[in-house]
Amino acid sequence: MKKRNVTICVSWPYANNNLHLGYIASSLSGDILARYHRMVGDDVVMVSGTDSHGTKPAIKAKKEGVTPKDIVDRYHKNFVEALDLFSFSFDKFSITYDDYHKEKCMEIFKKLYDNGYLYEKILNRPYCPKCAKFVADTEIEITCPNCGNRTKADNCDCGHVPTEADLEGATCLVCGETTEQREDKVLVFKLTAFKDVLTKLVKDNENIWRANAINETNKYLNDLRDRDFSRDLDWGVKIPVAGYENKVVWVWWEALLGYVTDTMKLGEERGFDYRKFWKKDVEPETEKKVYMCHAKDNIVFHSMFLPAMLAGLEDNFVVNNTMVSAEYLMMNNAKISKSSGTCFEALEWAKNYNTDSLRYHFAANGPEKKDANFTLELYQTTHNSEVVNKFGNLINRTLKFKGLEKLPEGKVADEIKNMVDVTYKIVAENIEKTEFKKAAETAMDLVAFANKYYDEQKPWVQAKEDIEGFNNTIYSCAYVIANLSNIFEPFMPKACAKIRGFLGLEKTPTWRVVDVKAGISLDKVEPLFARI
RNA sequence: CGCGGGGUAGAGCAGCUCGGAAGCUCGUCGGGCUCAUAACCCGAAGGUCACAGGUUCAAAUCCUGUCCCCGCAACCA
């Protein structure tokens, strides 16, 4: 297959709380894709980072009497540690308050402004007399005229986007004072100019994106509006336009560009041209894929805002992308959080349980097409009966066969060879279709097939009566195990690395059939997983 | 009429796009095996596919209507 340039964009966790399992479940798709694409030989960058700006870290900092940066650094540390334990293979996991990101964003926004996609609007905005400043729409609360609920003013959950008039008499969340409308100017992004581009984007991907991404995007496209670009805050990316020195860019606009600025920085560090991932005219003969991996609340930002911005640069940016939008992982089983003594913090789970089997569980039982419930019991079932009993035990019963010290020379059975070939093919197809549940299950089917083969061959009988048959059985199963270390690499990377160590295989896995060397010593083999 | 997801064996789910003998994992019951972390393999029981209409030779799958459940209004992907 021809090499492709693949960019994996994993949504930016917000520096407002510790990382939780929902983020792991919805972002795992990114790491599965990254590992798979590297294995087939594609050029891959997987990027993300800590989203540091906006009102929440600023408000939290004020409460605690520290700087916003202190807050962001605290959560960034938590994110990095948890993601590392879950084996997320980011090429770059940066932080948006970084000067490089801010400078590049300002260059990009200048270009959007010069291209005429940012325009000034004079309007009445809520001004808090007590705080003596204009307040951002996430710093105030209004009663939504559409649904009647109290909501922050940027975007009501009922889908209503508040108008200028709706903000009359809003409440300041910082001090509780009623705000008054004063004349102010905002910069607006001309999102409506990209209606055709965005409509085509959805249409081109109607068999590729999941239903949630298509429905959600179409809903917004039916009533597309320009969106405010500036915010009255001092924590964020400055706006490179005269007269806006005291305002910053709305956090979403610049965080999304982090995918691009991360790739730029990475290119400088590693000596490649970032444009080969993001520009149509660089390496034009190479297919480019951009995956957007996130949960459903992130959909329109990735299906509309970012593509519109990139198109607005009028500089050959790749606008088409593959949306991988997860549903929600529900973690509301109070019994579990009590009995386990933890909440659903990713770091705690990583320390207390097995991150490989958690990854496999999320791939096979995660919120791929609908909300999925997560409980310790469900995870335990996956861990014990599938990962330990089927997967772990196949390895143990083969490589720790009583009295066996070295892997015998043998011939791989045809049925095993075929099944391995077919499994590579089907798992690959499903990963490329972003159907990870099917991919994970197909991979596990190979394990079941090998266990069945083992039982039918009865190596414990062959060992006494038919030593050649015994050698073939063990060798065939070892062959399966070697190839499982490739096929399961996207799902359970730590265990797969151990298997490669047991069998003396290449350290770097590839998406190709591997053979095992007969005669290798098996004394290093030990159980991969413990029951819980 | 706020938005969205769902109702398939005791539990958790797949199948629905493109109608054609109801599947998977766990649990239960019975059997086999003893290499292996009491793991593995085989077999059985258990479902009017929420309900009611319609289209069709044929509907879990398409259409219409009804009922019920869940998520989003404090965080949060």
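Protein chains get the first letters and strands the later ones, always in sequence-line order, with residue 1 at the start of each.
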Fill in: Donor-acceptor pair present, N298(A) side chain and A77(B) base, under 3.5 Å
no
Worksheet item: Taking the six-membered ring of F305(A), is NZ or CZ of R227(A) closer than 6.0 Å to its centre and within 45° of its axis?
Response: no
Worksheet, complete the sentence: Picking from A77(B), C26(B), G71(B), the nucleotide nearest the side-chain atoms of M330(A) would be G71(B)
Worksheet entry | Among C40(B), C42(B), G71(B), the nucleotide that comes nearest once only the side chain of D371(A) is considered | G71(B)
Fill in: Interatomic distance, E368(A) CD vs A77(B) P [rounded to whole Å]
21 Å
Worksheet item: Does any donor-acceptor pair link the side chain of Y454(A) with the base of C41(B) at a separation under 3.5 Å?
Response: no
Discussion item. Students often mix this up, so state it plainly: with edges at 30° and 60°, are the rings of F90(A) and F93(A) parallel, tilted or perpendicular?
Written reply: tilted
Fill in: Aromatic ring proximity, centroids under 6.0 angstrom, F374(A) and W349(A)
yes
Worksheet item: Does any donor atom in the side chain of H294(A) or S325(A) lie under 3.5 Å from an acceptor atom in the other side chain?
Response: yes
Item to complete: Side chain of D455(A) only, please: which of G32(B), C26(B), A36(B) is the nearest?
Response: G32(B)
Item to complete: Counting Watson-Crick and G-U wobble pairs whose two distances are both under 3.5 Å, find the runs of 3 or more in a row that involve RNA chain B.
Response: B:2-7 with B:67-72, B:10-13 with B:23-26, B:28-32 with B:40-44, B:50-54 with B:62-66
Discussion item. Using a 6.0 Å cut-off, check whether atom CD of E415(A) has over 12 heavy atoms from anything other than its own residue.
Written reply: yes
Fill in: Minimum-distance nucleotide to K370(A) side chain [options: C35(B), G71(B), C13(B)]
C13(B)
Item to complete: In whole angstrom, give me the gap between the C1' atoms of C57(B) and G19(B).
Response: 12 Å
Item to complete: May I ask you to check whether Y259(A) and H302(A) show a side-chain donor-acceptor distance below 3.5 Å?
Response: yes
Worksheet, complete the sentence: Quick note, D297(A) side chain, CB onward, closest among A36(B), A77(B), C26(B) is A77(B)
Response to the item:
With the side chain defined as heavy atoms from C-beta on, K402(A) is closest, among C35(B), C3(B), A77(B), to C35(B)
Worksheet item: What integer number of Å spans the P atoms of U17(B) and C29(B)?
Response: 39 Å
Worksheet item: What nucleotide, of U37(B), G12(B), A77(B), holds the atom closest to the side chain of V388(A)?
Response: U37(B)
Discussion item. Can you identify which nucleotide, out of A77(B), A39(B), A14(B), has its nearest atom closest to the N389(A) side chain?
Written reply: A39(B)
Worksheet, complete the sentence: Of the candidates G5(B), C75(B), A77(B), the side chain of Y328(A) sits closest to A77(B)
Worksheet entry | Euclidean distance, E348(A) CD relative to L85(A) CG, rounded to 0.5 Å | 10.5 Å
